[in-house]
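Structure first, then comments.
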Amino acid sequence: MPRMNRTAVLSLLIVISSVFLLFQLYYYRKYVSKPGPHILSQTGHLTTSDLQWQTVRLFLVLAHRFHLPVFLVDTTALRLLAHDASWQRELHCSFLCTDRPVMSFALFANMWKFDPAFLSAAKHKGFDVLELRGHDPRLASLDTLSGEDIPLYFLLRLHGFIIQVVFLYERSGNYLWHGPLRLKAKMDLSFAPFKQLDYGRHAGAYNRPDLVLTVLDGLDVRVPRNVSRFLYEQQHSRFLECRYHDARSFLQLYPDDTSPAAVDFHRKAKALLHLAAQTLAVLDVPFWLSSGTCLGWFRQCNIISYSHDVDIGIFITDYRPDIVTAFAAAGLSLKHKFGKVEDSLELSFLSDDVKLDIFFFYEDGDIVWNGGTQAKSGRKFKRVFMSLFIRYIFQRFSLCWAELLELKVRVPCETLDYITANYGTSWSVPVMLWDWKSSPSNVQRNGLWPKHQWADLIQVY
């Protein structure tokens, strides 16, 4: 009899345990695995932070399931991470729960084969989904003028919060690019607070960031290793695409020179521009395409074959005294040095019979100018640019990224104004004979260098 009682008790315990286990499985499938928060605040009520945290968590779960190589690029969250990484807040959600209804992630597009099942799964979990596509500029050229459509952004909405997924594509200049976010006709303009999105006002260009896996608010998240550097790039990421349609129209009127000499110059100029970019990058000196090189990019998406040189601009505030030494170490010989740091500095280097002209730009009130010197007479000239950015304190024109000769380079964002200041309104008509002292529409005489200073201010090698 005692043995039978023990058997009955054991059987009853097994039944009770099985029922409890089944209840746990039922509860998990019905509540935990479904969209919506399952961790409440200490008060037992759902808070805004709870909902936002749950939205991010559910997105990351889906991203992991479908192998999306995403990392955090939300500027608000990254600023908190950069400045408050060691500061413990009272709330359990310190970084991923902000006062904004948006959280932004980026995706390495070349590392993920587009899978429509991801969007279907997101919808099944309760997300409202908006996919935004656009033309692939990597397939655009002067021959085709258009590329196929590619995904540019996912917008996932849940509990009133938006997850923005930015697709980053590799470009031939060894950089990452995202397209502009453009809403098409009949799209729901109320789907998201589009003005609050960190990405999409314009196309952007970035260096590929190194990533680290960390834990933020209890969630595994990849973030840029150098958060401050990424935030700086994000603020200066605006990208201008080459104007292929206009360039094609120009080349139909003025066919490109395909002679052996022109092809050889193109090859040498490309190598020189790449070498100059590498050298200045080591010095952390920003530059932009200027004069004829900028005109070539803007007008024909290429260099001008009859220009015989490469022109770049640098703000004098970015000048470093070791620039000449750095270019010499890179194999470029100094051809001439005109002016001085305080006034009209200009450097010219030579590489493989192609000249690199570096014009230093000065700010003076509401104008920006660069100088020129006539070696034989000591005459000074000044090319004046009305400040294209006078609304801001620094009163300088802004710089954007572009691509030329498979290289990510800067150009003035207000390129048309910049080109017109140099070449007048007839900039679209090629001029084979160009006199730098008189041809530019914005040139002014700027006096004479004192003769006793010529040895220091006019150096020709």
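Hydrogens, waters and symmetry mates play no part in the numbers below; they use all other heavy atoms, side chains included. Just so it is clear, the structure is predicted and the values come from calculations on it, not from any experiment.
- Between E241 and R171, at least one side-chain nitrogen of the basic residue sits less than 4.0 Å from a carboxylate oxygen of the acidic one, meeting the salt-bridge criterion.
- Residue F191 comes nearest to I162 through the heavy atom pair O-CD1, 3.7 Å, listed as atom of the first residue, atom of the second, then distance.
- At distances below 3.5 Å, at least one donor-acceptor pair connects side-chain atoms of W53 with backbone N or O atoms of D217.
- D198 pairs by the salt bridge (Lys or Arg N to Asp or Glu O under 4.0 Å) definition with R100, not counting sequence neighbours.
- Shown here for Y362 and L345, the closest heavy-atom pair between the two residues is OH-N, 3.0 Å.
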Determine, stepwise, if the pair Y418 / S290 fulfils side chain to side chain donor-acceptor pair (under 3.5 Å).
-> CA-CA 9 Å; Y418 189 87; S290 190; 2.7 Å; yes

Donor-acceptor list for residues 105-114 side chains, cut-off 3.5 Å, not counting sequence neighbours:
unit_1	atom_1	unit_2	atom_2	d
N110	ND2	E170	OE2	3.4
W112	NE1	F66	O	3.1

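- Remark: aromatic rings of W401 and Y175 are distant, center separation not under 6.0 Å.
- Of the N and O atoms on the side chains of E414 and S398, at least one donor lies less than 3.5 Å from an acceptor on the other residue.
- Not counting sequence neighbours, the partners of P286 by the side chain to side chain contact (heavy atoms under 4.5 Å, CB included) test are D318, R410.
- Between H64 and D220, the side chains place no donor N or O within less than 3.5 Å of an acceptor N or O (distance only, hydrogens not considered).
- For the pair D311 (side chain) and D357 (backbone), a donor-acceptor distance under 3.5 Å is absent.
- Under the salt bridge (Lys or Arg N to Asp or Glu O under 4.0 Å) criterion, D352 pairs with K268, not counting sequence neighbours.
- Looking at P224 and D210, their side chains never come closer than 4.5 Å, going by heavy atoms from C-beta outward.
- In this model, a donor atom of one side chain and an acceptor atom of the other lie less than 3.5 Å apart for T47 and D50.
- More than 12 heavy atoms of other residues, nucleotides or ligands sit less than 6.0 Å from atom CG of D188.
- Using a 4.0 Å cut-off between a side-chain N of Lys or Arg and a carboxylate O of Asp or Glu, E131 and R133 qualify as a salt bridge.
- Using a distance-only test at 3.5 Å, with no hydrogens or angles considered, no donor-acceptor pair links the side chain of R222 to the main chain of T214.
- Residues forming a ring pair (Phe, Tyr, Trp, His ring centres under 6.0 Å) with Y169 (at least two apart in sequence, or on another chain): none.
- Between F315 and W288, the gap from one ring centroid to the other is short of 6.0 Å.
- The two residues A77 and L72 make their nearest non-hydrogen contact at CB-CD2, 3.9 Å.
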Side chain to side chain contact (heavy atoms under 4.5 Å, CB included) between N207 and L176: does it pass, once the steps are laid out?
-> CA-CA 6 Å; N207 294 322; L176 299 175; over 6 Å; no

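- Between F360 and Y319, the two ring planes are perpendicular [angle over 60°; tilted spans 30° to 60°].
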Side chain to side chain contact (heavy atoms under 4.5 Å, CB included) assessment of L152 paired with I150 | CA-CA 6 Å; L152 299 179; I150 54 175; 4.1 Å; yes

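- Between F265 and I303 there is a side-chain heavy-atom pair separated by less than 4.5 Å.
- Contacts of A330 classified as side chain to side chain contact (heavy atoms under 4.5 Å, CB included), with partners at least two apart in sequence or in another chain: L275, T279, L332.
- Between Y199 and Y153, the ring centre distance reaches or exceeds 6.0 Å.
- Residues N302 and L405 have side chains in contact (heavy-atom distance under 4.5 Å, counting atoms from C-beta outward).
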